[in-house]
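Data first, discussion second: the structure below is written as structure tokens.
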Amino acid sequence: MSRALQDGELVLLTDRKGRRYLVTLAEGQQFHTHAGSVSHDALIGGTEGMQVRTSRNAELTIWRPTLRDYVLKMPRGAQVVYPKDSAAILMLADVFPGARVLESGVGSGALSISLLRAGATVLGYEIREDFAQQAMENVTGFLGSEVAERYHTEIRDCYQGIDATGLDRVVLDLPEPWQVVPHAAASLHPGGILAAYTPSIVQAAQLREACEAGPWAGASTVEILHRGWHIKGDAVRPEHRMVGHTGFVTAVRRLAD
Ligand code: SAH
């Protein structure tokens with residue numbers, strides 16, 4: 001069902017060249033680009049997918065942003081997990097509605113948004129207060145303030161331990177995930193999953209080695225290669241540019257004692 005766009009709503013404007021702008025609609029305001037301006041009042045009350053013309057006759061299309069649009073544009077302190085990797089983490093960690101997930105560090109909250117949107121309840125450990133605050137703002141900015149019922153962050157060093165038991169999943173994006181392996185073993189129930197994102201394969205190998213000593217099985221490490229294709233008439237070929245590297249995702253399951 002299509003709902004009218006409202007004052008205060010976050011929207012995405014795209015132009016014909018593929019440029020994208022995240023804007024919060026506010027009555028009486030103007031949105032400016034080098035391709036001219038458009039008044040927010042011309043957008044409020046309209047519908048997604050609507051096209052408008054700027055003062056300089058450029059065409060803009062208005063959308064509610066997808067999670068991917070939002071994550072790539074939102075303010076960040078820490079480097080975010082990219083959407084292609086968040087998607088893999090959701091599947092490898094098998095995140096489900098109602099899952100109890102410990103996430104550390106939360107950084108800018110990009111991965112938190114995906115975990116929460118998949119229906120998990122997330123306890124986040126982060127050592128930097130400013131990042132934890134930024135994460136909360138980013139999370140509620142996309143999912144709304146009600147999501148705070150399922151999202152709790154604590155200023156804590158995850159290497160020192162996890163103060164929770166009976167967890168379904170532990171999801172890590174921090175420099176030394178192997179330091180968390182014994183804590184994850186103590187906090188996850190049998191069958192629970194530990195997943196970690198690491199930019200370097202050396203980190204992934206060290207994590208895998210740490211898991212060999214404990215109650216873990218079924219380890220896998222993957223890298224997601226995402227190559228876009230240019231498709232226009234007879235010109236059908238890979239895009240010239242791609243993101244060459246982001247990181248590796250390792251997942252492992254906790255055995256019973
Ligand atoms: N996954 C996040 C980005 C995390 S960046 C996102 O998608 O937005 C890594 C974060 O781990 C940083 O914010 C850093 O402050 C935090 N961190 C590093 N060591 C930590 C530790 N020992 N305990 C908790 N957080 C830690």
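Start at 1 and go down the list; that is how both ligands and their atoms are numbered.
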(message) Under a 4.0 angstrom heavy-atom cut-off, which atoms of ligand 1 come close to Ser104?
(response) 23 (N), 24 (C), 25 (N)
(message) Would you say Leu102 ends up clustered with Leu116 if hydrophobic residues are merged whenever their side chains have heavy atoms under 4.5 Å apart, either directly or through other cluster members?
(response) no
(message) Please report whether ligand 1 has a polar contact with Glu126, defined as an N or O pair separated by less than 3.5 Å (distance criterion only).
(response) yes
(request) Would you mind running through ligand 1 and noting each atom that sits below 4.0 Å from a heavy atom of Val80? (result) 6 (C), 7 (O), 8 (O)
(request) Under the side-chain contact (heavy atoms from CB on, under 4.5 Å) rule, what do Arg117 and Leu143 come out as? Steps first, then yes or no, please. (result) CA-CA 8 Å; Arg117 218 217 207 169; Leu143 296 173; 3.8 Å; yes
(request) Output yes when the distance from some N or O of ligand 1 to some N or O of Ser108 is under 3.5 Å, and no in every other case. (result) yes
(request) For atom 6 (C) of ligand 1, grab the closest protein heavy atom and report residue, atom and distance to one decimal in Å. (result) Ala110 N, 3.6 Å
(request) Please identify which atoms of ligand 1 are closer than 4.0 Å to at least one heavy atom of Cys158. (result) 21 (C), 22 (N), 23 (N), 24 (C)
(request) From the options Asp157, Asp173, Leu174, select the one whose nearest heavy atom is closest to atom 4 (C) of ligand 1. (result) Asp173
(request) Please check if the side chain of Thr153 supplies one atom and the backbone of Gly124 the other of a donor-acceptor pair under 3.5 Å. (result) no
(request) For ligand 1, find out whether one of its N or O atoms is nearer than 3.5 Å to an N or O atom of Leu111. (result) yes
(request) With heavy atoms only and a cut-off of under 4.0 Å, state how Gln79 meets ligand 1: side chain, backbone, both or neither. (result) backbone
(message) Do Val171 and Leu188 land in one hydrophobic cluster if side-chain heavy atoms of ILVMFWY residues count as linked below 4.5 Å?
(response) no
(request) Indicate yes or no: does Asp15 engage Lys17 in a salt bridge with an N to O separation below 4.0 Å. (result) no
(request) Heavy-atom contacts with Arg156 under 4.0 Å: which atoms of ligand 1 show up? List them by number with element. (result) 23 (N), 24 (C)
(message) Could you tell me, atom by atom, which parts of ligand 1 come under 4.0 Å of a heavy atom of Ala78?
(response) 5 (S), 13 (O)
(request) State, with a plain yes or no, whether a side-chain heavy atom of Ser114 is found less than 4.5 Å away from one of Ile89. (result) no
(request) May I ask you to list the atoms of ligand 1 that are less than 4.0 angstrom from any heavy atom of Val106? (result) 2 (C), 6 (C), 8 (O)
(message) When you compare ligand 1 with Gly109, is there at least one nitrogen or oxygen pair between them that comes in under 3.5 angstrom?
(response) yes
(message) Looking at Arg156 and Glu126, is any side-chain nitrogen of the basic one under 4.0 Å from a carboxylate oxygen of the acidic one?
(response) no
(message) So for Arg76, does at least one of its heavy atoms come nearer than 4.0 angstrom to any atom of ligand 1?
(response) no
(request) For the pair Asp257 and Arg254, find out whether any cationic side-chain nitrogen is under 4.0 Å from an anionic carboxylate oxygen. (result) yes
(message) What I'd like to find out is whether the side chain of Asp168 reaches to under 4.5 Å of the side chain of Phe96, using heavy atoms alone.
(response) yes
(request) May I ask you to identify the nearest protein heavy atom to atom 26 (C) of ligand 1, giving residue, atom name and distance to one decimal place in Å? (result) Ile127 CG1, 3.5 Å
(request) Could you tell me whether the side chains of Thr33 and Tyr21 share a donor-acceptor contact shorter than 3.5 Å? (result) no
(request) State, with a plain yes or no, whether a side-chain heavy atom of Thr198 is found less than 4.5 Å away from one of Trp178. (result) no
(message) Quick check on contacts: which atoms of ligand 1 are under 4.0 angstrom from a heavy atom of Tyr125?
(response) 24 (C), 25 (N)
(message) Tell me whether Phe131 has any N or O atom under 3.5 angstrom from an N or O of ligand 1.
(response) no
(message) For ligand 1, which is the ligand I care about here, please tell me if Pro175 has any N or O atom under 3.5 Å from one of the ligand's N or O atoms.
(response) no
